[in-house]
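Everything on this sheet refers to the single structure shown next.
All residue numbers in this chain count up from 1 along the given sequence.
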Amino acid sequence: MQPDLLSPGQLAHTIDHLKSRSPLVHCMTNDVVQTFTANVLLALGASPAMVIDPSEATEFAAVADALLINVGTLTEKRARAMRAAVDSAVAAEKPWTLDPVAVGGLTLRTRFCQQLLTLHPTVIRGNASEILALAQESRGGRGVDSTEQAQAALPAAQRLAAETGAIVVVTGEVDFVTDGQRTLAVAGGSLLMTRVVGTGCALSAVVAACTALPGNHLENVAAACMIMKRAGERATRQGQGPGSFVPAFLDALYTLEVRA
């Protein structure tokens, strides 16, 4: 079955809701990308918070609008804090997103992410190699880099969605967003998005923000993917390379408008 495409109206709807509702996103993300992730959310009108202490994370996850778990710089202590935050979010019926960075090749993060799957994430967002590894169909990619095309991981993503109840996002040149039954495809973006640190991790934060919005979760998550791709395209036209891309990307997010 061919994936569906997201309508301009749905994209405009999601952008408007991000700005008007300013969801508070609890980002338990990796050390490398915290500042960039926060700036991306702020540019879109969302409100980021990086709360990592176990006791505070438990408390904050219950009051935030959405939670992001990104295992990029995972430690045993951080895993305990993340698990406590997820338990708190689930108890408070708050949506949470899992970004299984580099899962498959390393024991701690692989075991931890498999455990988190039992807590029914709202969304799982990863590259093709990460999704295949999480579905136990490969050992993962080369660190944070995928060695597979997104299309190759789509059947695994659909099975993973059906098994966990999560919306699964496989990112690449074309992003695929699936709930196990319906799949949306989002094309576009720019090669420069792979030449700076943090665009994938920031996408997961935008996805988390969009899970807190009203409407169809699948379409809101696909809209998050399209927002990032549209901004990447515009920033590439304005910049000259990775150094000028980042500020141009944030400006593009801040000024992004789509007619319904």
Inset, instruction - Output every pair passing side-chain hydrogen bond (donor to acceptor under 3.5 Å, both in side chains) with a member in residues 202-219, not counting sequence neighbours, ordered by first then second residue. - result: Asp99-Ser204, Arg125-Ser204, Arg182-Glu219
Inset, instruction - Would you kindly confirm whether Val174 and Leu203 end up in one hydrophobic cluster when ILVMFWY residues are joined by side chain heavy atoms under 4.5 Å apart? - result: no
Legend entry - Heavy-atom check, side chain of Leu41 versus side chain of Val206, under 4.5 Å: yes
Legend entry - Note, Val197 side chain near Phe36 side chain (heavy atom, < 4.5 Å): no
Inset, instruction - Walk me through it: do Met193 and Thr171 pass the test side chain to side chain contact (heavy atoms under 4.5 Å, CB included)? - result: CA-CA 12 Å; Met193 296 177 75; Thr171 51; over 6 Å; no
Inset, instruction - Show the numbers, then the answer: is there a side chain to side chain contact (heavy atoms under 4.5 Å, CB included) between Val170 and Gln151? - result: CA-CA 8 Å; Val170 189; Gln151 179 77 50; over 6 Å; no
Inset, instruction - State whether the side chain of Asn127 and the backbone N or O of Gly172 hold a donor-acceptor pair below 3.5 Å, judged by distance alone. - result: no
Inset, instruction - For the pair Val40 and Met228, evaluate side chain to side chain contact (heavy atoms under 4.5 Å, CB included) and give the outcome as yes or no after the intermediate values. - result: CA-CA 9 Å; Val40 164; Met228 296 290 278; 4.2 Å; yes
Legend entry - Stepwise side chain to side chain contact (heavy atoms under 4.5 Å, CB included) check, Leu108 with Leu106: CA-CA 6 Å; Leu108 173 62; Leu106 296 169; 6.0 Å; no
Legend entry - Polar side-chain atom of Thr122 near backbone of Thr97 as donor-acceptor pair, under 3.5 Å: no
Inset, instruction - Could you list the residues that satisfy side chain to side chain contact (heavy atoms under 4.5 Å, CB included) with Ala223, not counting sequence neighbours? - result: Leu6, Leu11, Thr14
Legend entry - Closest contact, heavy atoms only, Thr183 versus Gln158: OG1-NE2, 3.2 Å
Inset, instruction - Could you tell me whether the side chain of Arg21 reaches within less than 4.5 Å of the side chain of Pro214, counting heavy atoms only? - result: yes
Legend entry - Side-chain cluster (under 4.5 Å, hydrophobic types only) that Met50 belongs to, other residues: none
Legend entry - Where Phe176 and Leu154 come nearest, the two heavy atoms and their spacing: CB-CD1, 3.9 Å
Legend entry - Partner residues of Phe245 under the ring-ring contact (aromatic ring centres under 6.0 Å, His included) criterion, sequence neighbours left out: Phe249
Legend entry - Leu24 and Phe60, any side-chain heavy atoms less than 4.5 Å apart: yes
Inset, instruction - Indicate yes or no: at least one non-hydrogen side-chain atom of Arg78 is less than 4.5 angstrom from one of Asp31. - result: yes
Legend entry - Transitive ILVMFWY side-chain link Met28 to Val32, under 4.5 Å: no
Legend entry - Heavy-atom pair with the smallest gap, counting every atom of Ala81 and Ile52: CB-O, 3.3 Å
Legend entry - His26 side chain vs Ala66 backbone, donor-acceptor pair below 3.5 Å: no
Legend entry - Sub-4.5 Å side-chain heavy-atom contact between Cys210 and Leu18: yes
Legend entry - Asp53 versus Ser55, side-chain donor and acceptor atoms under 3.5 Å: yes
Legend entry - Heavy-atom donor-acceptor pair, Lys94 side chain to Ala64 backbone, under 3.5 Å: yes
Inset, instruction - Indicate yes or no: at least one non-hydrogen side-chain atom of Pro48 is less than 4.5 angstrom from one of Thr37. - result: no
Legend entry - Smallest separation among heavy atoms of Val186 and Cys225, with atom names: CG1-C, 4.1 Å
Inset, instruction - Say whether, by atom type as modelled, one donor and one acceptor occur between the side chain of Ser88 and the main chain of Ala84 under 3.5 angstrom. - result: no
Legend entry - Atom pair OG1/CG of Thr29 and Leu68 - distance to nearest 0.5 Å: 5.5 Å
Legend entry - More than 12 heavy atoms from other groups under 6.0 Å of CD on Gln114: yes
Inset, instruction - Please check if the side chain of Arg109 supplies one atom and the backbone of Val101 the other of a donor-acceptor pair under 3.5 Å. - result: yes
Legend entry - Straight-line distance of Leu44 CG to Asn39 CG, nearest 0.5 Å: 11.0 Å
Inset, instruction - Please list all pairs passing the side-chain hydrogen bond (donor to acceptor under 3.5 Å, both in side chains) test where one or both residues lie in residues 56-69, with sequence neighbours left out. - result: none
Legend entry - Contact list for residues 232-253, test side-chain hydrogen bond (donor to acceptor under 3.5 Å, both in side chains), sequence neighbours left out: Ser190-Thr236, Arg234-Thr255
Inset, instruction - Quick one: pull up CD in Glu130 and CG in Leu98 and give me the separation to the nearest 0.5 Å. - result: 9.5 Å
Inset, instruction - Could you point out which residue of Ile131, Val169, Leu116 forms a side-chain contact (heavy atoms from CB on, under 4.5 Å) with Ile124? - result: Ile131
Inset, instruction - Would you give the length of the straight line joining atom NE2 of His13 to atom CG of Leu213, rounded to the nearest 0.5 angstrom? - result: 7.5 Å
Legend entry - Heavy-atom side-chain contact between Arg195 and Pro242 under 4.5 Å: yes
Inset, instruction - Please indicate whether Lys19 has more than 12 foreign heavy atoms, meaning atoms of other residues, nucleotides or ligands, lying under 6.0 Å from its NZ. - result: yes
Inset, instruction - Drop me the distance from Ser129's OG to Leu134's CG, to the nearest 0.5 angstrom. - result: 12.5 Å
